[in-house]
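Residue numbering restarts at 1 for every chain, and letters A, B, ... go by the order of the sequence lines. Predicted, not measured: the structure shown is a model, and the values here were computed from it. Scope of the values below: all heavy atoms of this structure, side chains included, with no hydrogens, waters or symmetry mates.
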Amino acid sequence: METTVMIGEKPKVASKLANALGNYSTKTNRGVKNYVIETDERRIIIAPAVGHIFNLEQISEGWDYPVFDVEWRPIFETSDSSDYVKKYYNNLRDQIEKADTYINACDFDLEGSVIGANIIKHMADPDEERIERMKFSTLTQSDLQEAFDNLEGFDKGMTDAGITRHTLDFYYGVNVSRALMQAVRENNRYKTLSTGRVQGPTLKILADKEREIRAFEPDDYWEIFLKHSEFDAKLSYGSDDRIWDEDEANGIFLTVKDEGRTEVTDIDINNYSHNPPIPFNLTGLQSEASSQFNISPKKTQSIAQTLYENSLISYPRTESQKLPPKIGYKDILGKLKSQDSYEDLAKKVMKKDSLSTTQGKKKDDAHPAIYPTGEHPSGLSKQERKVYDLIVKRFFAVFGKAAKRRSLTMTLTVEDYDFQAKSKITVERNWFDLYDPYVKVSEAALPELEVGDILDVEGFDLEDKETQPPQRYSQSRIVNKLEKENLGTKATRASTIDRLYNRNYIEGDPINVTDLGLAIVDTLEDHIPDLLSPDLTREFEEKMESIRQGEETSEGVIEKAREDLDKMLGKFKDQEKEIGAELVNTIDDERKRRRKLGPCHECEEQGREDGMLRIIKSKGSSFVGCSNYPDCENTYPLPNTGKVNSTDQECSTCGKPVIYVERKKKKSYSMCVDPDCPSKDDW
DNA sequence: GCAAGGTC
């Protein structure tokens with residue numbers, strides 16, 4: 001009898017495959033569940049991967065560049081964080097030992113082709129005729145069944161394309177990162193630096209904004225307000241009510257300022273609908289969790305993963321903004337109804353005659369948008385509870401009817417000048433009731449007046465204002481921007497941003513680009529400009545498509561990239577020391593700045609000038625000392641665990657500098673540098 | 001010590 005091993009991309013999918021394809025028995029091996037389907041002539045073992053089991057690594061030793069010799073190696077061999085992969089790896093190896101033929105049933109995209117093909121190739125290396133590819137675009141029973149009935153041959157085109165993309169990313173990313181670090185090394189400094197196809201353009205987008213903000217010079221403008229006892233009305237002027245000329249503003253103000261009365265000359269009412277929101281995809285959830293709770297996109301992603309693993313929500317790494325009826329609206333609503341906190345809302349939704357949801361434009365072949373399963377949550381942390389509640393309320397809201405809102409613009413005339421007061425109110429709440437407390441709309445009512453009414457004026461204000469610099473990117477806004485630019489994927493965008501923080505290229509939220517971040521962009525602009533442009537991703541995509549179609553070969557594309565990089569990196573190497581010298585200056589300045597905490601109180605009390613507290617590192621430990629040492633011996637100890645960061649805050653109790661201690665596994669915290677500060681009495 | 005991509 002023939003034994004076939006079918007590989008699913010992840011455990012959940014392996015289970016769905018089994019359910020769709022027939023009667024199965026389960027067989028747990030090394031803690032991993034496999035599914036066995038037996039027919040008269042064939043035994044199919046469905047075994048799960050967990051995403052990539054193999055990773056590209058350098059074959060040779062050392063940190064020289066350029067490096068072009070790479071091979072696929074088991075992922076847990078080189079990454080501690082991938083320990084959990086080991087049992088899946090071992091299980092796959094055990095199952096594949098028994099196999100005569102193989103089916104790659106990973107997701108139908110380049111990554112899925114690579115994940116499955118690597119497992120088959122590196123664990124068995126059979127003839128290609130013994131490998132089949134199962135192509136499905138949703139995980140529904142009918143789609144899976146159909147895909148299984150129409151298995152195709154080994155998908156060499158997609159596999160080659162995928163492997164080529166990985167190789168190019170390695171070539172560009174690793175080599176240019178090493179070049180940057182080596183340039184700094186030549187100047188006797190050591191700093192982890194990195195860039196790549198996604199990191200580069202991401203940093204560039206942020207740096208452009210930073211430059212725009214730093215170069216920004218505000219313009220003065222004036223606005224004039226009419227003050228009524230219950231509201232303010234703004235002078236209608238030009239296209240946006242701003243007066244750019246001071247004399248003109250003064251002239252108008254003088255004309256109206258002593259008027260005691262005004263007439264209502266127009267009331268414009270506009271009724272409009274405020275549509276319910278669309279279902280969450282990962283980016284949407286990250287944005288909303290950021291604006292509602294100030295939780296970072298990366299944290300939201302990991303919370304969502306936990307909720308998913310606890311069966312509380314559907315698969316979170318989805319691009320989809322659609323919730324098809326197939327997910328079983330009624331069933332989910334029924335389960336939510338049995339949770340005390342959602343009983344009323346679930347009832348409200350279920351009362352509707354027909355259930356349908358709003359839909360966003362984005363789709364995802366493998367998964368619907370994020371929705372709650374209805375299972376009862378227990379033991380959730382505070383933040384997990386918040387994100388879960390947000391997902392549930394959003395699920396309710398997408399079934400809701402549009403809210404009815406009314407905007408009113410009232411025009412008040414004084415002399416020849418019109419002033420306008422605006423209000424917006426909600427007439428029918430509808431979906432607002434399903435999404436509270438997350439509805440963010442302004443509610444401002446005006447008194448009920450009619451055209452022709454004469455009102456008393458309390459006075460007029462002439463306000464001198466300044467134009468504002470462009471807004472910085474928040475973490476969630478940059479994740480959105482990356483999605484729009486097609487940079488990275490749903491699963492990687494948040495961690496790309498995180499990496500830029502870890503490299504000290506960016507800091508804060510909203511995001512500031514550090515001088516180091518700007519210097520990296522400058523350096524790349526001068527020497528490897530390709531790595532700053534989103535076009536590199538587009539070019540890669542086009543090349544992968546032509547490899548897939550057989551118009552170009554993987555070898556040809558890789559060789560070309562190698563030649564290009566050889567040239568660019570050769571030139572870079574010739575100027576290594578000079579390039580590094582500039583980077584080193586900013587690295588030194590940035591380090592000093594990050595270690596600087598604030599003025600030394602001891603020095604202030606003793607009347608010494610300019611004492612500055614800073615973090616001092618010696619022999620692997622660190623403490624806080626004063627720049628006036630040895631004249632000032634003021635020191636404070638620092639915690640042994642976690643990374644200490646300076647802040648620009650002062651302790652509200654004693655006025656000494658506040659530090660921020662960043663911890664990996666536990667919660668990060670802020671505290672006063674002084675261990676004896678009264679703010680710590682109840683610690 | 002370096003990428004980007006998948007996932008528990």
Side-chain angles (χ1 to χ4, degrees), chain A residues 7-14 31-33 48-58 61-67 70 72 75-76 78-79 81-89 91 106-107 109-119 161-185 189-203 282 301-302 304-310 315-318 366-367 482 487-496 498-500 502-503 520 531 536-537 540-541 544 561 565 569:
Chain A
I7 299 161
E9 184 152 323
K10 43 187 172 264
K12 273 263 155 63
V13 172
V32 177
K33 214 179 205 179
V50 269
H52 284 286
I53 301 280
F54 292 87
N55 195 24
L56 267 189
E57 302 287 347
Q58 174 181 357
E61 299 268 308
W63 290 87
D64 249 0
Y65 76 91
V67 50
V70 291
W72 292 91
I75 209 160
F76 52 82
T78 46
S79 159
S81 62
S82 301
D83 266 356
Y84 68 91
V85 175
K86 213 173 271 174
K87 64 177 183 182
Y88 293 95
Y89 176 92
N91 174 63
C106 293
D107 296 354
D109 52 26
L110 293 195
E111 294 306 323
S113 291
V114 173
I115 290 167
N118 270 336
I119 290 165
I163 286 177
T164 308
R165 209 223 70 247
H166 277 269
T167 309
L168 295 190
D169 276 342
F170 185 102
Y171 280 10
Y172 273 86
V174 170
N175 282 310
V176 179
S177 296
R178 284 185 185 184
L180 291 170
M181 281 188 279
Q182 189 55 35
V184 168
R185 193 90 169 133
R189 294 289 192 293
Y190 182 77
K191 169 93 179 85
T192 305
L193 299 170
S194 68
T195 189
R197 173 175 57 85
V198 180
Q199 279 183 57
T202 304
L203 182 59
L282 180 61
Q301 188 164 341
S302 95
Q305 176 67 18
T306 306
L307 296 175
Y308 165 68
E309 284 165 11
N310 290 323
Y315 190 74
R317 283 188 295 270
T318 174
H367 308 280
L482 295 183
L487 288 165
T489 71
K490 64 214 171 197
T492 60
R493 285 175 196 126
S495 62
T496 297
D498 211 55
R499 191 170 292 145
L500 299 182
N502 289 331
R503 300 279 178 263
I520 292 289
L531 260 189
L536 191 63
T537 293
F540 276 20
E541 277 164 2
M544 297 320 118
L565 276 166
L569 293 167

ask   = Which part of the nucleic acid does A:F76 contact within heavy-atom distance under 4.0 Å: base, sugar-phosphate only, or nothing?
value = nothing

ask   = If only side-chain N and O atoms of A:R189 are considered, is one of them under 4.0 Å from the OP1 or OP2 phosphate oxygen of B:dG1?
value = no

ask   = What does A:R503 touch in the nucleic acid at a heavy-atom separation under 4.0 angstrom: a base, only the sugar-phosphate, or nothing?
value = sugar-phosphate

task = Figure out the CG/C1' separation between A:N118 and B:dG5, and round it to whole Å.
result = 12 Å

task = For A:L193, report the nucleic acid contact type (base, sugar-phosphate, nothing); a contact means any heavy atom under 4.0 Å.
result = sugar-phosphate

message = With a 4.0 Å limit, can you tell me whether A:R499 has a side-chain N or O closer than that to the phosphate oxygens OP1/OP2 of B:dA4?
response = yes

query = Is the A:H166 ring parallel, tilted or perpendicular to the A:H52 ring (thresholds 30°, 60°)?
reply = perpendicular

ask   = How close or far is atom C1' of B:dA3 from atom CG of A:L531, stated in whole angstroms?
value = 10 Å

request  = Taking only the side-chain nitrogens and oxygens of A:R185, find out if one of them lies under 4.0 Å from OP1 or OP2 of B:dG1.
outcome  = no

task = Give the rounded distance in Å between these two atoms: CG of A:L487 and P of B:dA4.
result = 10 Å

key: Flag, side chain of A:R178 to backbone of A:D64, donor-acceptor distance under 3.5 Å   = yes

message = Whether the side chain of A:N91 engages the backbone of A:K87 through a donor-acceptor N/O pair (distance < 3.5 Å, no angle test) should be reported.
response = no

query = OP1 or OP2 of B:dC2 less than 4.0 angstrom from a side-chain nitrogen or oxygen of A:Q58, does that happen here?
reply = no

Below 4.0 Å: OP1/OP2 of B:dG5 and any side-chain N or O of A:T492 = yes

inquiry  = Between A:C106 and A:I7, is there a side-chain heavy-atom distance shorter than 4.5 Å?
reply    = yes

query = Please give, in whole Å, the distance from B:dC2 C1' to A:N55 CG?
reply = 12 Å

ask   = Looking at B:dA4, B:dC8, B:dC2, which one has an atom nearest to any side-chain atom of A:T192?
value = B:dC2

task = May I have the distance from A:D498 (atom CG) to B:dA4 (atom P), rounded to whole angstrom?
result = 13 Å

request  = For A:T195, report the nucleic acid contact type (base, sugar-phosphate, nothing); a contact means any heavy atom under 4.0 Å.
outcome  = sugar-phosphate

request  = Give the ring-plane orientation class for A:Y315 versus A:H367, where under 30° counts as parallel, over 60° as perpendicular and anything between as tilted.
outcome  = parallel

query = Taking for each residue the nucleotide of DNA chain B bearing the nearest heavy atom, is the 5' side occupied by A:V50 or by A:D169?
reply = A:D169

message = Would you say A:S177 places a side-chain N or O within less than 4.0 Å of OP1 or OP2 belonging to B:dG1?
response = no

message = Does A:Y190 reach a base, just sugar-phosphate, or nothing at all? Heavy atoms under 4.0 Å.
response = base

ask   = Between B:dC8, B:dA3, B:dG6, which nucleotide gets closest to the side-chain atoms of A:S194?
value = B:dA3

task = With heavy atoms under 4.0 Å as the rule, sort A:N175 into base, sugar-phosphate or nothing.
result = nothing

request  = Output yes if the stacking criterion (under 5.5 Å between centres, under 30° between planes) is met for A:W63 over the base of B:dG1, else no.
outcome  = yes

key: Flag, side chain of A:S177 to backbone of A:T195, donor-acceptor distance under 3.5 Å   = yes

query = Rounding to a whole Å, what distance do you find between A:M544:CE and B:dG5:C1'?
reply = 14 Å

task = May I ask you to say what A:R178 touches in the nucleic acid, namely base, sugar-phosphate or nothing, with a heavy-atom cut-off under 4.0 Å?
result = base

query = Toward the 5' end of DNA chain B, which comes first, A:G196 or A:E309, by nearest nucleotide?
reply = A:G196

request  = Compare the minimum distances between each of B:dA3, B:dG6, B:dC8 and the side chain of A:E9, then state the nucleotide with the smallest one.
outcome  = B:dG6

query = What is the distance from OH of A:Y172 to C1' of B:dA4, rounded to the nearest Å?
reply = 15 Å

query = Base, sugar-phosphate, or nothing: which does A:G488 touch, judged by heavy atoms less than 4.0 Å apart?
reply = sugar-phosphate

key: Side-chain heavy atoms of A:K86 within contact of A:Y89, under 4.5 Å   = no

ask   = For A:I163 and B:dG6, what is the distance between atoms CD1 and P respectively, to the nearest whole Å?
value = 15 Å

task = Looking at every strand, decide which applies to A:I75 at a 4.0 Å heavy-atom threshold: base, sugar-phosphate, or nothing.
result = base

